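Written out below as structure tokens is the structure these notes cover.
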Amino acid sequence: MKKYQEYKQVSYPQIGEDILQFWKENDIFNKSVNNREGKETFTFFEGPPSANGTPGIHHVMARTLKDIFCRYKTLKGFQVKRKGGWDTHGLPVELQVEKELGITKEDIGKSISVEEYNKKCRETVMRFKDEWDDLTEKIGYWVDLDDPYITFEPSYIESLWNLLKRLYEKDLIYKGYTIQPYSPAAGTGLSSHELNQPGCYRDVKDTSITAQFKLKGQENTFILAWTTTPWTLPSNSALAIGENLDYVKVKTFNPYTFDPMIAILAKARMGAYFNPKAKDISLEDFKPGDKLIPFEITEEFKGKDMLGWEYEQLFPINAISLPHPAFTVVSGDYVTTEDGTGIVHLAKAFGADDFRTLVQNNVPGVFVQDEQGNEIPVVDKQGKFLPVVGEYLSSKMKEHGIQAHKEFGPDDFFVKNYTKDDENAAEYKNTDIVISIILKNENKAFKVEKYEHSYPHCWRTDMPILYYPLESWFIKTTAYKDRLVALNKIINWKPEATGTGRFGNWLENLVDWNLSRSRFWGTPLPIWRTEDGSEEICIGSVAELQEEIKKSISKGFMEKSPWDGKEMDLHRPYVDDVILVSPKGEKMFRETDLIDVWFDSGAMPYAQWHYPFENEDIFKANYPADYIAEGVDQTRGWFFTLHAIAGMLFDSVAFKNVIANGLVLDKNGNKMSKRLGNAIDPFKTLKEYGPDALRWYMLSNANPWDNLKFNLEGVADVQRRFFGTLQNTYNFFALYANLDAFVYDSSKSITVPERAELDQWIISKLQSLIAEVEAAMDNYDATKATRAIMNFTVDQLSNWYVRLARKRFWRGDMNADKQAAYETLYECLYSLTQLMSSFAPFYADWLYKSLTASTANSSESVHLTDWVSANDSLINQDLEESMDLAQRTSSLVHSLRKNPKIGIKVRQPLQRIMIPVLQEKTQRQLEHVEELIKSEVNIKAVEYIDDASGVLVKSVKPNLPILGKKLGPKMRFVVAAIKSWGQEEIAEIEQNGQITLDANGETIELLLEEVLISSEDIPGWSVATDEGLTVALDITLTEELKQEGIARDLVNRVQNLRKDMGLEVQDKINIQVARQNELSDAAMQNFARYIQTETQALSLELQDSISGGTVLDMDDFEITVKVEKA
RNA sequence: GGGCCUGUAGCUCAGGUGGUUAGAGCGCUACACUGAUAAUGUAGAGGUCCGUGGUUCGAGUCCACGCAGGCCCA
């Protein structure tokens, strides 16, 4: 029986399916984890995908990347628990449900109850779980799919509540404002998603004002700032400049009042405000009413020189007086000179940038107090100025005699036109226009004009939106900013730049985490409040909630718990039905917000184990993670939320090593999308190529953190080049091992030092490879590892070792040398199965099983083996260098033979090659592999030419790195001098160890080690050179060499005949050859023995003529031959 | 608009701390091998290292400014 299965054809997809079946039947995954019980843990966190869509090819990338390091660490002896997980909440789920039901958010609570809606969400979110599980299995991603964490489960939510309560107790959760898109017409905030709906951004014409802000204590000097929302001007509390922009003071006149003034604006913006035709008009010549207004720059300065400048409030309304540093100049990194004046007006309540900048600079915003004492902006939620501003505007209208389409009372100033006022009415004036006229009259407007721009509108009411401060719950991440920055420095980011750049910068510019989402399907915020907000409670567990409900029932606020006799579901609407009782005995209602789904996923290290309510031991042994991996788009998502929660609550990193992988694009570098039809179906690809080639391609083609241009041809290429070569190598081994009944037995194997040099070499290479792969994997660099394995397999093992050792396998009977060859090849293949098992888990296991089927005590699966590290004692650096010389020498000789001027094929033996050697070591290393070179390139002798031979022609080059440091700018003269050297100068520096030369008139001493001497030529010979190695080929063809060439040609032709005749390898033959010419006949006689040995011929007869023979083409002549089976 | 990444042969990618003539695989061309054979080997052709400036004796590599593509955030 054959000990090693031989495969005529392999189907890689079939291997994938068979091995998957084998893993399932034998529970290999669980064994690989349970095997390591009690061993050190290596912790991996699974970033939960959402199963409400089908998986794509990029998920293969992400999941492969996760898988390989877990497999590797398992082999290395760690216990790697891998809990799967599902992300189940969030807007995409809601949107999908709404689309399917044909409803909008409006309908929720009306035509569909929150209860039904959430039920639908719950059903939808796991819709494609089976497809995901299928893909996960098929690509060999080992993760526990039987007991995953699911973010909607009560235990998961309970852990979240616990974390929130801990934050709450640390005073890190507060209710505040954030500037969000808001529709005053609909009375609701809008998500960025809603804002991105088609048609929401529309081109509209608005009144824009360049307002004049008067500098304090300076006569007629104004800072100019431009705005397309004049209604925000009463809320101005600071001006922002760009620190590195250039600004000017310009002496000119106000174009409406003609008052003389000094304007301050960015130099680059002058063209927009001053007519170049007025350039030469002198200021003195200006008369009020002139169209051309002269101007003159009086001063230039940088933006940063303006920081802190104080100005007078534009609308001096008594009720809105603000303390310093209100009404000062601050820095804004977003300020440009593309439009406006290069100076930006800031209104804290009505712009996100404004808000952020003012908070950072501790500048107060314009707010007034309502009846409860809460700070509110001067525009109400209907989009109307509060009377405090309305009165001011109204009185100013009277003061300036401004006529409008109607009488404006204090309560009539809608900031955008939300009223039904007819814009076509005579004298129609909206608030922006009223403000413009007032400013013009008061010498506070430098320019007023209509401005067309794109502005967002509410998709429901078609009315323009406002940016408006809305209440939200926040986590005060800024309080921990420094700690989070410090903790980040511990994390090993792949690539590093994502950690320092994208993530590091994000932490540096951290703002408080807005937790609130106004939605239905998600984790509810566990905060209950009294109606006036004076008392509140944060619930941290189910038990605590039930305790509070009891109190509430006894107080009579509730009749019974919403979960009486029902399974606990902590979602809306049930939690909303809970009314709690405050310490003062007031009713408390839940804050209706849900929390950001990113909190769900960031909490998975704790919630996946239902910590702290259960599994404290498992949690502690598996925290923080040693390794995580997700797409780079998660930097501000999952990576951040993991980091933030860990840093704030556990003063720890959540993960020590992280790979942020790039995108998977199509082969042209475009984003894949179903719409464009360029998306790759992972299931189809798996079916065609199998999982291993797909995984290997993705890992080896480019670093995972670069974008991958996915090309199916690349997968095919990997399959052919790497897997094909490996498979051929195995088949070769199996074929002959079976013929010789060889079975590997490590207890009886020949020790490596006793084996042939070639064996020692490949074993040495193998050890070097193991060390390389190990180092790469310990550094989370899978691309380097896979490329190293590929190089070894294809170039070293198959193309060099097997090719050179081939004859040892099929010639003669079993002997020690043959055994050593088998053992060596076996050991290489065996090691490869382990080295590649993380990346190509199916094929590796399949090959492992093929190799070990007849081996006693072998493991059930390669994935259950222990990693075998490199054996340093088997690494022979000197031998590796020798072989490298052999490979390069052979390549040079091939190149010479192929040279059109020479053109002698390899089958024609040649007498000798000559190699100039300047170092003893090189000669010794070459001598070591001399036999090998001789047979590889078919030459009889290798001769070495040393210094003493006298025929060496040497060349010299400057040793630049050394000379550069010594000479600096004088280099080029010295280099020129060295280039002009002849043999005498080289001889001189070699003998004396130094030489004196003249460099541009300066005398310079040059030492021997500062130049590089090599030999690149032998006069009169054909030479080839490569990196300091030179080979000369003797192309003289003697009679004997010609004869041998003919003999070899004949062997070649006879072998073909044998094959054509269908003879078996071991069949013997008899050969008859017709006399042809003197040379040929002599070849037959002199090399008869050689021919017979090679072709396994019992006899070789030279005859005058042969009947029924075959005419063979011998290139230069023809010969008739008859081959018969003996 | 900001932060970050990428740009090297037709394609996919390598190119520590600057150093003479920039490499590999695929593809292409030619040749070889024909007992690993629907396999394999060897050689050859193929490059304004995105552009422009700068630093330096010397820049694919360092700096600045751009251009193109991408991701995230406004």
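None of the values given here were measured: they were computed from a predicted structure. Just so you know, these numbers use all the heavy atoms, side chains as well, and skip hydrogens, waters and symmetry mates. Quick note on labels: first sequence line is chain A, next is B, and so on, each numbered from 1.
In this model, no side-chain donor or acceptor of A/Arg787 finds a partner on the base of B/A14 within 3.5 Å. Interface remark: the A/Ser798 side chain does form a donor-acceptor pair with the B/A36 base, using a distance-only criterion of under 3.5 Å.
Rounded to whole Å, the C1' atom of B/A38 lies 41 Å from the corresponding atom of B/G69. Between the P atoms of B/C65 and B/C4, the separation comes to 12 Å (whole Å). Spacing between B/A14 and B/U6 at atom C1', rounded to whole Å, works out to 15 Å. Spacing of C1' atoms, B/G2 relative to B/A9, comes out at 36 Å, to the nearest Å. Comparing B/U40 with B/G58, their C1' atoms are spaced 44 Å from each other, to the whole Å. Taking atom C1' on both B/G23 and B/G15, the two are 7 Å apart, rounded to the nearest angstrom. Separating the C1' atom of B/G60 from that of B/G47 is a span of 11 Å, rounded to the nearest Å. Comparing the P positions of B/U20 and B/A59 gives a spacing of 12 Å, expressed to the nearest Å.
Using cut-offs of 30° and 60° for the angle between ring planes, the A/Tyr7 and A/Tyr730 rings count as tilted. Classified by interplanar angle (parallel below 30°, tilted 30° to 60°, perpendicular above 60°), the ring pair A/Tyr822/A/Phe742 is parallel.
A/Thr729 comes within 4.0 angstrom of a nucleotide base, judged by non-hydrogen atoms across all strands. Among the atoms of the strands shown, none is found under 4.0 Å from any heavy atom of A/Lys905. A/Gln1055 comes within contact range of at least one nucleobase, with a heavy-atom separation under 4.0 Å. Base engagement by A/Arg1058 is indicated by at least one non-hydrogen atom pair under 4.0 Å involving a base atom. Using a 4.0 Å heavy-atom cutoff across all strands shown, A/Leu1012 reaches at least one base atom of the nucleic acid.
Comparing B/C5, B/A39, B/A14 by their nearest atom to the side chain of A/Asn728 picks out B/A39. When distances are taken from the side chain of A/Phe732 to each of B/A14, B/A36, B/G3, the shortest belongs to B/A36.
When the P atom of B/A38 is taken as reference, atom CD of A/Gln719 falls 16 Å away, rounded to whole Å. If you take CG of A/Asn701 and P of B/C11, they are 14 Å apart, rounded to a whole angstrom.
The closest side-chain heavy-atom distance from A/Leu346 to A/Val330 is below 4.5 Å. In this structure the side chain of A/Met698 reaches within 4.5 angstrom of the side chain of A/Ile57, judged on heavy atoms.
Counting only residues at least two apart or in different chains, salt bridge (Lys or Arg N to Asp or Glu O under 4.0 Å) contacts with residues 697-714 of chain A are absent.
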- Message: Please encode protein proximity along nucleotides 54-60 of chain B as a string of B, S and -, counting only heavy-atom distances under 4.0 Å.
- Response: ---B---
- Query: In the 5'-to-3' direction, what one-character label does each nucleotide of nucleotides 63-74 of chain B receive under the scheme B = base within less than 4.0 Å of a protein heavy atom, S = sugar-phosphate only, - = no such atom?
  - Reply: -------SBSSS
Quick one: which protein N/O atoms are closer than 3.5 Å to N/O atoms of nucleotides 22-25 of chain B? Pair and distance per line, please.
{"unit_1": "B/G25", "atom_1": "O2'", "unit_2": "A/Arg721", "atom_2": "NE", "d": "3.0"}

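Looking at A/Glu936 and A/Arg803, a side-chain N of the basic residue comes within less than 4.0 Å of a carboxylate O on the acidic one, giving a salt bridge.
Taking the six-membered ring for Trp, A/Phe639 and A/Phe503 have ring centres at least 6.0 Å apart.
A search for salt bridge (Lys or Arg N to Asp or Glu O under 4.0 Å) contacts involving A/Arg808 returns A/Asp759, A/Asp817, not counting sequence neighbours. Judged as a salt bridge (Lys or Arg N to Asp or Glu O under 4.0 Å), and not counting sequence neighbours, the contacts of A/Asp596 are A/Arg517.
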- Item | side-chain contact (heavy atoms from CB on, under 4.5 Å) between A/Trp696 and A/Phe723, worked out | CA-CA 10 Å; A/Trp696 197 280; A/Phe723 288 96; 3.9 Å; yes
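Annotation: A/Lys784, atom NZ; neighbour count of heavy atoms from other residues, nucleotides and ligands within 6.0 Å does not exceed 12. Around NZ of A/Lys905, the count of heavy atoms belonging to other residues, nucleotides or ligands within 6.0 Å exceeds 12.
Taking side-chain N and O atoms only, A/Arg720 has a distance below 4.0 Å to OP1 or OP2 of B/G27. Using a 4.0 Å cut-off, some side-chain N or O of A/Asn799 falls inside it from OP1 or OP2 of B/U42.
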